[in-house]
Amino acid sequence: VFCAFVGGCIILWTNIFEGSMDASASIWLSIMIVFFQQVYNLIVPRLTEWENHKHQSEYYNSYVFKQFLFESVNRYCAFFFLALKQRYTKVGCPKGGCMAALNTHLTITLLILSATRIAQIFFAVLLVRAKIWWEDYNLKKARALRLADASDSCGDGNNSGKQEGFPHRSYAELQSKFAPVRLQEQIDSMMQLVLSLGFVLLFGPVAPIIVPFCLVVFVVQMRGSAYLYSHFAKRSLPRHQYGIGIWADIIKVLMMTSCILSGFLIVVYGDTFAGTPLLTRLVGMILYVAAMQLVWLLVDLVCPPNSDDVRLLKARRERVRHVLLERATDFTNVEGAIDGAEGDLSSGSPRLLTRGETSDQPSADLASVVQEGKWDDIPCFDHADYLKK
């Protein structure tokens, strides 16, 4: 619903500035993008929590998907309108052509968004410094009032020159003043990089000047985030990382969309297809997309996405896991172990080894022993047969 509302606002923006797509239109578009982004950042955590996911990975993927879906509408929709729809409106393309207007708006908007992102990182650092300074200022002010009261109560002014030691702030107290770095901040940091890459993939052929701006966003985002996380962010809890995960799928969607958009722009605005029938343009677009897919396949063959070292490490990890499970299965006999623990020793059935005992018979299922609370029946490490193999 909110994405539809943002799309409606962008359509309203195009209707207002339909006849004058100048710099002021880009400024207002940038303001809208930043405003809606901040509003949605407050909404998306609650929307994801209402879904009540069972696993953390599902929560993470859902959060990233909704964030990317909204940001795609918020940031790319206006430029898609200029590239795809503006030509067929009543007003038509502005003076100079739709591609020239798209180039201008992309440059101005990316410049403003890049400056905004840089300002956000610096603001986060300055906010932490301001909190610490304000607390120090209040402590110094309170100390000065205590000294003044003590001097007035003594009457002779002997304590007026006393200086109390300024309290040292502990590491835990200092951490409480730092900026939080939780799931939302991590996703937002990665999302800025992906969105900047999306501008390059989608509109780089139309406006090559935006590539340096996106490079600036990459540099500032990575270096600024590293400085913020290491100096002015709360120490995060250790968590299991999911790797690139859903981000790889998002990049693939951007690449496929950029391929289709490039083919559309070639057959619509290219001189080669000028004045040709619709069927010719459609076939040309399909052939272009198929050719790009073939090029991607050849590139993957020359430069495989996964190296041999990665495959070797995965195979080793699977082999270790398989050996551990196999050995644990070989020394597990739940029914025989329980019968042996309760039966006669001369019956020949396997039994649990007690501490200090050694035997050639395999040990029983340790999981069932732990569940039943038979702690004395767990063999010592020195006498565990599976550790000797």
Side-chain angles (χ1 to χ4, degrees), residues 3 7 10-11 14 18 21 26 29 33 65 68-110 113 193-215 217-218 246-305:
C3 291
I10 293 176
I11 294 176
T14 57
E18 192 173 20
M21 288 287 184
S26 299
L29 178 62
I33 291 175
F65 174 75
F68 174 74
L69 180 62
F70 166 77
E71 291 291 353
S72 299
V73 176
N74 189 32
R75 299 204 178 204
Y76 303 146
C77 187
F79 304 109
F80 274 116
F81 181 86
L82 291 175
L84 305 179
K85 181 64 177 175
Q86 181 68 34
R87 183 178 183 178
Y88 303 101
T89 58
K90 295 181 180 179
V91 178
C93 294
K95 187 177 181 180
C98 290
M99 291 296 100
L102 181 61
N103 193 341
T104 302
H105 286 295
L106 280 171
T107 304
I108 298 175
T109 304
L110 262 294
L113 293 178
L193 302 178
V194 173
L195 292 174
S196 299
L197 179 62
F199 273 108
V200 175
L201 293 176
L202 295 174
F203 308 106
V206 178
I209 192 62
I210 68 174
V211 177
F213 295 138
C214 295
L215 177 62
V217 173
F218 263 73
I246 192 174
W247 297 106
D249 299 331
I250 292 176
I251 298 299
K252 292 179 180 178
V253 171
L254 288 175
M255 292 176 61
M256 181 56 65
T257 307
S258 67
C259 181
I260 297 175
L261 179 63
S262 298
F264 177 83
L265 295 178
I266 289 175
V267 300
V268 172
Y269 297 98
D271 296 334
T272 304
F273 292 90
T276 57
L278 178 61
L279 181 60
T280 304
R281 296 184 180 185
L282 181 60
V283 173
M285 180 178 173
I286 294 175
L287 292 177
Y288 174 83
V289 173
M292 290 300 102
Q293 294 293 324
L294 180 61
V295 171
W296 288 350
L297 180 60
L298 295 177
V299 171
D300 290 338
L301 292 177
V302 176
C303 302

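Of all non-hydrogen atoms in V200 and P205, the two that sit nearest each other are O-CD, 4.0 Å. Taking all atoms of both residues into account, the shortest heavy-atom contact from F199 to C214 is CB-SG, 4.1 Å. Across G284 and V267, no two heavy atoms sit closer than the pair C-CG1, 4.1 Å. Taking each heavy atom of F218 and L197 in turn, the nearest pair found is CE1-N, 4.0 Å. The nearest pair of heavy atoms linking I260 to M285 is CG2-CE, 3.3 Å.
Atoms CG and CD1, from L261 and I266 in turn, are 10.0 Å apart once rounded to the nearest 0.5 Å. Taken from CG in L106 to CG in L202, the straight-line distance is 10.0 Å, to the nearest 0.5 Å. For the atom pair CG of L278 and CZ of F273, the computed distance is 12.0 Å after rounding to the nearest 0.5 Å. Here the straight-line distance linking atom CH2 of W296 with atom CE of M256 works out to 5.0 Å at 0.5 Å rounding. Interatomic distance, T257 OG1 to L201 CG, rounded to the nearest 0.5 Å: 9.5 Å. L282 CG to T276 OG1: the interatomic distance, rounded to the nearest 0.5 Å, is 11.0 Å.
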Please tabulate, for the side chains in residues 70-80, all donor-acceptor contacts under 3.5 angstrom to protein atoms that are two or more places apart in sequence or on a different chain.
from: E71; atom 1: OE1; to: R75; atom 2: NE; distance (Å): 3.3
from: S72; atom 1: OG; to: F68; atom 2: O; distance (Å): 2.7
from: N74; atom 1: ND2; to: I33; atom 2: O; distance (Å): 2.9
from: R75; atom 1: NH2; to: Q37; atom 2: OE1; distance (Å): 3.0
from: R75; atom 1: NH2; to: Q192; atom 2: OE1; distance (Å): 3.4
from: Y76; atom 1: OH; to: L195; atom 2: O; distance (Å): 2.9

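V283 pairs by the side chain to side chain contact (heavy atoms under 4.5 Å, CB included) definition with L279, L287, not counting sequence neighbours. Applying the side chain to side chain contact (heavy atoms under 4.5 Å, CB included) test to V295 and every residue at least two apart in sequence or in another chain returns M292, V299.
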In sequence, state the C-alpha distance, the side-chain angles, and the governing distance for V194 and L254, and then conclude on side chain to side chain contact (heavy atoms under 4.5 Å, CB included).
-> CA-CA 9 Å; V194 173; L254 288 175; 4.0 Å; yes
